[in-house]
Asks: 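Structure in structure tokens, see below.
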Amino acid sequence: MEIRKATSNDLMTIHNMAQVVFRHTYRDILSQEQMEYMMDMMYSMPNLEKQLEEGHHYYIAYDRCADSRNHESKDQTVTVVQKAAPPCGYVSVQYEGPDSEGIEVFHLHKIYVMPDRQGLGIGLKLFQTVIAHVRDLSSNARIELNVNKFNSAVNFYKHLGMRILLEEDFPIGNGFYKTDYIMGLDL
């Protein structure tokens, strides 16, 4: 696996992955109307561009093992065709500023792994990338994230050492709410 920092040239890749993984993650949690509203709010190309401008740092994981080579046999000759490694997950983190105790807070906005690649350690590698990103910027930091209370990823975050800091329903517009935990990990 390879994880690379995304640029504006990678936003369509993130958009396309979100069409699959975000819908898969929330198919049994959100109404179709809220799903479409959130997809536009978080993953439309103009909003992804705005997020980069606002200081979101995206990283994309590429799966070098998934069908990276094809072999064709023709008359005792083997032709090897190299394919580009497919993207299999992404993460976004943004510096929010110091809290009331002077701890530098970084918000992990998004961490998703494609459904067919989940359970292979990709989410862990993306999370470790966020930790390295934050540690490069601050020695007194906390990573925080919002996660839907009904999302099975809550257990993944607990396994990584995150703790629930707050539970709240957050209005997101259009009459919709995010029913979330805010979880945190001090570094």
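Just the heavy atoms: all of them, side chains too, but no hydrogens, waters or symmetry mates, feed the values below.
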Asks: Taking it one step at a time, do Leu108 and Ser92 satisfy side-chain contact (heavy atoms from CB on, under 4.5 Å)?
Replies: CA-CA 6 Å; Leu108 195 161; Ser92 165; over 6 Å; no

Asks: Can you tell me if Asn148 uses its side chain to pair, donor with acceptor, with the backbone of Phe150 under 3.5 Å?
Replies: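 Checking the backbone N and O of Phe150 against the side chain of Asn148, a donor-acceptor pair under 3.5 Å is found.
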
Asks: When you check the side-chain N and O atoms of Thr13 and Asn16, is any donor under 3.5 Å from an acceptor?
Replies: no

Asks: With side chains defined as the heavy atoms from C-beta onward, is the minimum distance between Gln118 and Val21 less than 4.5 Å?
Replies: yes

Asks: Closer than 3.5 angstrom, by distance alone: can the side chain of Tyr37 be matched with the main-chain N or O of Ile172 as a donor-acceptor pair?
Replies: yes

Asks: In the structure I gave you, are the side-chain heavy atoms of Ile164 and Lys158 within less than 4.5 Å of one another anywhere?
Replies: yes

Asks: Working to the nearest 0.5 Å, report the span between CD of Glu53 and NZ of Lys50.
Replies: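 Nearest 0.5 Å value for the CD-NZ distance: 9.0 Å.
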
Asks: On the 0 to 90° scale, with breaks at 30° and 60°, tag the His57-His133 ring pair as parallel, tilted or perpendicular.
Replies: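 Answer is tilted, since the angle falls between 30° and 60°.
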
Asks: How about Glu144 and Glu96: do any of their side-chain heavy atoms sit closer than 4.5 Å?
Replies: no

Asks: Identify the two heavy atoms, one from Gly123 and one from Phe156, that lie closest to each other, and give their separation to 0.1 Å.
Replies: C-CZ, 3.7 Å

Asks: Give the minimum heavy-atom separation between Phe170 and Ile182, together with the two atoms involved.
Replies: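 That would be CZ-CD1, 3.6 Å.
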
Asks: For a 4.5 angstrom cut-off between non-hydrogen side-chain atoms, does Leu137 reach Phe106?
Replies: yes

Asks: Run Gln51 and Tyr58 through side-chain contact (heavy atoms from CB on, under 4.5 Å) and show every step you take.
Replies: CA-CA 9 Å; Gln51 291 165 25; Tyr58 276 94; 2.4 Å; yes

Asks: Quick check on Lys149: does its NZ atom have over 12 non-hydrogen neighbours (other residues, nucleotides or ligands) under 6.0 Å away?
Replies: yes

Asks: Using modelled atom types and a 3.5 Å cut-off, is there a donor and acceptor pairing between side-chain atoms of Gln94 and backbone atoms of Glu54?
Replies: yes

Asks: Compute whether any side-chain donor of one residue and acceptor of the other, for His109 and Asn146, lie under 3.5 angstrom apart.
Replies: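 No pair is found: no donor N or O on one side chain lies under 3.5 Å from an acceptor on the other.
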
Asks: Kindly compute the distance separating CG (Asp63) from CG (Leu120), expressed to the nearest 0.5 Å.
Replies: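 The distance works out to 7.5 Å.
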
Asks: Treating Asp40 as the side-chain partner and Ser44 as the backbone partner, does any N or O pair qualify as donor plus acceptor under 3.5 Å?
Replies: no

Asks: Apply the test side-chain contact (heavy atoms from CB on, under 4.5 Å) to residues Leu11 and Ile14: give CA-CA distance (whole Å), side-chain angles for both, the deciding distance (0.1 Å), then the verdict.
Replies: CA-CA 5 Å; Leu11 293 180; Ile14 294 165; 4.2 Å; yes

Asks: Between the main-chain N or O of Tyr62 and the side-chain N or O of Glu2, is there a donor-acceptor pair closer than 3.5 Å?
Replies: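 Side chain of Glu2 to backbone of Tyr62: no pair is present.
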
Asks: Roughly how far, to the nearest 0.5 Å, is CG of Leu165 from OH of Tyr181?
Replies: 12.5 Å

Asks: How many angstroms lie between CD in Gln128 and CZ in Arg135, if you round to the nearest 0.5 Å?
Replies: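 Separation between the atoms: 10.0 Å.
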
Asks: State, to 0.1 Å, how close Ala61 and Ile122 come at their nearest heavy-atom pair, and which atoms those are.
Replies: CB-CG2, 3.9 Å

Asks: Please name the pair of heavy atoms, one in Pro87 and one in Met114, separated by the smallest distance, quoted to 0.1 Å.
Replies: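 Scanning both residues completely, I find the closest heavy atoms to be O-CG, 4.2 Å.
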
Asks: Val93 versus His107: any side-chain heavy-atom pair under 4.5 Å?
Replies: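 Side-chain contact under 4.5 Å: no.
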
Asks: If hydrophobic clusters are built from ILVMFWY residues whose side chains come within less than 4.5 Å, do Leu48 and Phe22 share one?
Replies: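 They do share one cluster, since a chain of ILVMFWY contacts under 4.5 Å joins Leu48 to Phe22.
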
Asks: Taking the side chain from Asp10 and the backbone from Thr7, do they hold a donor-acceptor pair closer than 3.5 Å?
Replies: yes

Asks: Any heavy-atom pair between the side chains of Phe127 and Val91 that's under 4.5 Å?
Replies: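 The answer is no; the side chains never approach within 4.5 Å.
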
Asks: Taking atom types as modelled, find out whether Tyr177 and Gln34 have a side-chain donor-acceptor pair closer than 3.5 angstrom.
Replies: no

Asks: Is there a path of hydrophobic side-chain contacts, each under 4.5 Å between heavy atoms, that joins Tyr157 and Leu166?
Replies: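 No; tracing contacts between hydrophobic side chains, which count when under 4.5 Å, never links both residues.
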
Asks: Heavy atoms only: give me the nearest Gly89-Leu126 pair and the separation to one decimal.
Replies: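 Reported closest heavy-atom pair: C-CD1, 4.0 Å.
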
Asks: Find out whether the Lys NZ or Arg CZ of Lys110 is both under 6.0 angstrom from the six-membered ring centre of Tyr43 and within 45° of the ring's axis.
Replies: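 Pair Lys110/Tyr43 counts as cation-pi.
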
Asks: Do Val105 and Leu160 share a hydrophobic cluster, counting only Ile, Leu, Val, Met, Phe, Trp and Tyr and linking them when any side-chain heavy atoms are less than 4.5 Å apart?
Replies: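 No, separate clusters.
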
Asks: Within a strict 4.5 Å, meaning less than it, do heavy atoms of the His159 and Val154 side chains meet?
Replies: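 Side chain of His159 against side chain of Val154, heavy atoms only: no contact under 4.5 Å found.
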
Asks: Quick one: pull up CG in Leu30 and CZ in Arg23 and give me the separation to the nearest 0.5 Å.
Replies: 11.0 Å

Asks: State the CZ-CD distance between Arg142 and Glu101, to the nearest 0.5 angstrom.
Replies: 7.0 Å

Asks: Please test Met17 against Tyr112 for side-chain contact (heavy atoms from CB on, under 4.5 Å), starting from the C-alpha separation and ending with a verdict.
Replies: CA-CA 9 Å; Met17 279 193 288; Tyr112 290 99; over 6 Å; no

Asks: What I'd like to find out is whether the side chain of Ile103 reaches to under 4.5 Å of the side chain of Pro98, using heavy atoms alone.
Replies: no

Asks: Could you tell me which non-hydrogen atom of Leu185 sits nearest to which non-hydrogen atom of Gly161, and how far apart they are?
Replies: CD1-O, 3.5 Å

Asks: Between the main-chain N or O of Phe176 and the side-chain N or O of Asn174, is there a donor-acceptor pair closer than 3.5 Å?
Replies: no

Asks: Classify the side-chain pair Arg4/Tyr59 by whether it contains a donor and acceptor separated by less than 3.5 Å.
Replies: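 Short answer, no.
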
